[in-house]
Amino acid sequence: MRNQKTDQEIAREEKLKKLMELGINPYPKKFDKTHSVSEIVKEFSNLSHEELEKKEIKVSVPGRIISIRRMGRATFFHIYDGLSKIQGYIKEDIVGKENYKIFDLFDIGDFIGIKGRLFRTKTNELTVLVENFTFLVKSFHPLPEKWHGLQDVEIRYRQRYLDLIVNPEVRKIFDLRSKLIKEIRKFLDGMGYVEVETPMMQPIPGGALARPFETYHNALGINLYLRIAPELYLKRLVVGGYEKVYEINRNFRNEGISSQHNPEFTMLEFYQAYSDYNDLMNLTEEMLSYLAKTLLNTLEVKFKEHTISFKPPFKRIKFKDAIVYHSGLTPSKFDNREEVIKIAKNFETGKEVISYGKALDIIFDKLVKPKLIQPTFVINHPKEISPLSKACPDNPEEVERFELIIGGMEIANAFSELNDPKEQRERFEMQLAEREAGVEEAHLIDEDFLTALEYGMPPTAGEGIGIDRLVMIFANKPSIREVILFPLLRPKTD
RNA sequence: GAGCCGUUAGCUCAGAGGGAGAGCACCGGCCUUUUAAGCCGGGUGUCGCUGGUUCGAGUCCAGCACGGCUCACCA
C-alpha cells in the first residue's frame, strides 16, 4: 500500500526484534484457552467482587489489545475478541520485572493470551489479574483512533477488517445478516424445502432481464456468463420432481452501482409446486414477520425516518391501480400505449427504445415505488415485462405476478410460473424481437429450458427475495454497501 | 456514463494567498486499582496526483485518480 514506513511502523518492528532477541517466538502456532473474551463476559458478569474473591476463577483467554493504560509498574489494558472486550491488569510484582519489561514491548493491535484470576477493580470492572501472558502476534500498523473509530468509508470498505476491529456496531450488522440467512433456511427447511446449488456459470444467462458478465472456458472453448438468476435451473429441478426447492446464492448483473445495487448480490429463490402466487404472498408475509420477530423481537422495524410494520396481512394493490393512484395517470391514459411511452420518455432514461411495458415499468419506478414504504404487494403486472409468468385467467394482458415493495425498494418478485412450453416459446420470441429492436436486457431463448418444460412442469409458484436489501431494512442501513462485507469498489492505483 | 461535494500526520479533523496545526496514537521521562488515566518533554507530513496563475499555492485555476451523494442502468 505504502512504500515509506512511518515512525510508528518502525517502532513496532523494532519491538518485535527485541521480543525475538529475548527468545520469544514471533509467530507461535497456538494458544490454549479456557474461555473466549465473550464467554467470560457472558458467564461471569453477574458475579460480585466478593463472589469472585471467594471463587478464585482462573481463566486463560486470548484477544487483540485495543487499549493500554500504563502506570509505571502496573498497566491496564483491554483485549477484544471481535464481539466483547475485557480488561487485563498486569503488575510488576506479580509477573516479575523481566516479564513486565516484555509486556512493555506490546502495542495496541497486538494479539496476546493472558492467564490469571478474575476480579473487580475499584470501579467494579470485571478484570483479569494477569499471572502470565503469551505473545501471539505483532501488529505492524497502528489501529485507527478509539473515540471516533474509523470514519473514512473508503478505508472502511477496502480494509473491512479495520472497520470490524474499531467499529463494533459493524460486526453486529453482519451477525444480523448471518442470522437472517440462517433463519430463512430454518423457516424453509421446516416447510419441507430442499436447498440446492445450481450453476453460477451459464451458457445462456436467463431468468431475469439484465445484462450479464461474460467469461470464457478455455478447455471447452465456450463463452459462459455469470448467472443473472438461478430461475431457469430451479424450474428444471421442479420438472425433475423437486416439489419445494430453494437456493441462496449470489447473482451477478453487469449494471451500475448505487446505494441499492452491487454487481454481485445475494438472492433467495424458491419454487413450490402445486401453488400459485397467492400462496406465495401468504408465505412471504409469514416468513418476513417470522424473521422480524425472531431477529429483532418486534414487528415494527425502524428504517430511515420510517417505522415499517411487518404485521400481516400486507397491503395488496394491482400494478395498474398503483400507477393510477400514485402517478395521476388516468385509467384511459394507462391503456393508451403511445401516451404512456411519451410520459416515460419525459424521464431521463438514457434509453432510445421504450416498449409500452418498459414505459409502465419506468413510471412505476419513478412515481410509485418511492411512495411505497409499508410492505406492499404490487400485483398483476403487464405481460410484456414478465416473460416467465403465467397470464391471469381473466385478463390475458396481465400476469399472476407480485413485487413486494418495502421502504421504497423492491424486496421480492414472484409469480405463478408459466409452464406452457408453447406459450413460453412465444414469450421468448417476443423478447427476441425486443432484443433485435435494441433492448439489451431482453431475454434469450433457452432451448434446453423449453425442452424441460415440454416434459411437463407441474403448476408452480416461484419467488426471489433480495437478501441484501432485506438486511438493509432489518439493520436500518440506507446503503447496500453497509450490509456487504466487501462491496465492489474500483481498484486503487497509486 | 452525467452533475454536485470531498481528499491535510497512523486516525478524527481545523487551516481558504505569505511561519504545516489540534486531539488521540506514537517516541523519551515520572507514575502499582486505571478506564477518553494523569503530569513533563518531543510534530512524526509528497496538504490525493500532474500541470498552470502568482514574487509566493495546502489555499486560486485546469486536467487526472479515488470516494460519497443525486441521477442514468438495474433488483
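In the text below, chain A, chain B and the rest are named by the order of the sequence lines, each starting its count at 1. Given the structure is predicted, the values throughout are model-derived calculations rather than measurements.
Using a 4.0 Å heavy-atom distance criterion, L143(A) is classed as making no nucleic acid contact.
Checked against side-chain contact (heavy atoms from CB on, under 4.5 Å), F486(A) has the following partners two or more places apart in sequence or in another chain: R160(A). When the ring pair (Phe, Tyr, Trp, His ring centres under 6.0 Å) test is applied to F377(A), the partners found at least two apart in sequence or on another chain are F314(A), F402(A). Every residue two or more places apart in sequence or in another chain that forms a ring pair (Phe, Tyr, Trp, His ring centres under 6.0 Å) with F187(A) is listed here: Y290(A). Qualifying ring pair (Phe, Tyr, Trp, His ring centres under 6.0 Å) partners for F310(A), counting only residues two or more places apart in sequence or in other chains: F474(A).
Electrostatic pairing of E398(A) and K320(A) does not count as a salt bridge here, judged by no charged N lying under 4.0 Å from a carboxylate O. A salt bridge links D468(A) to R177(A): one of the charged nitrogens lies within less than 4.0 Å of a carboxylate oxygen.
For the residue pair Q272(A) / Y246(A), no side-chain donor-acceptor distance below 3.5 Å is found, with atom types taken as modelled.
Within residues 63-77 of chain A, the residues that have a heavy atom under 4.0 Å from RNA chain B are, in order of number, R69(A), R70(A), M71(A), G72(A), R73(A), A74(A), F76(A). Near RNA chain B, defined here as any heavy-atom distance below 4.0 Å, the residues from residues 89-98 of chain A are Y89(A), K91(A), D93(A), listed numerically.
Put simply, the side chain of Q8(A) and the base of rU44(B) share no donor and acceptor less than 3.5 Å apart. In this model, a side-chain donor or acceptor of T121(A) finds a partner on the base of rU34(B) within 3.5 Å.
Regarding I155(A), its CD1 atom lies at a distance of 10 Å from the P atom of rA9(B), rounded to whole Å. The separation between K146(A) atom NZ and rC24(B) atom P is 8 Å, rounded to whole Å. N124(A) places its CG atom 13 Å from the P atom of rU34(B), with the value rounded to the nearest Å. Rounded to whole Å, the distance from CD1 on I10(A) to C1' on rG28(B) is 17 Å.
Here R469(A) does not reach the OP1 or OP2 of rA75(B): none of its side-chain N or O atoms lies under 4.0 Å away.
The ring of F103(A) has its center closer than 6.0 angstrom to the ring center of F77(A).
For K15(A), whose side chain is taken as the heavy atoms from C-beta onward, the closest listed nucleotide among rC27(B), rC26(B), rU34(B) is rC27(B). For D7(A), counting side-chain heavy atoms from C-beta on, the closest listed nucleotide (rA65(B), rG68(B), rU44(B)) is rU44(B).
In rA16(B) the O4'-C1'-N dihedral to the base is within 90° of 0, which defines a syn nucleotide.
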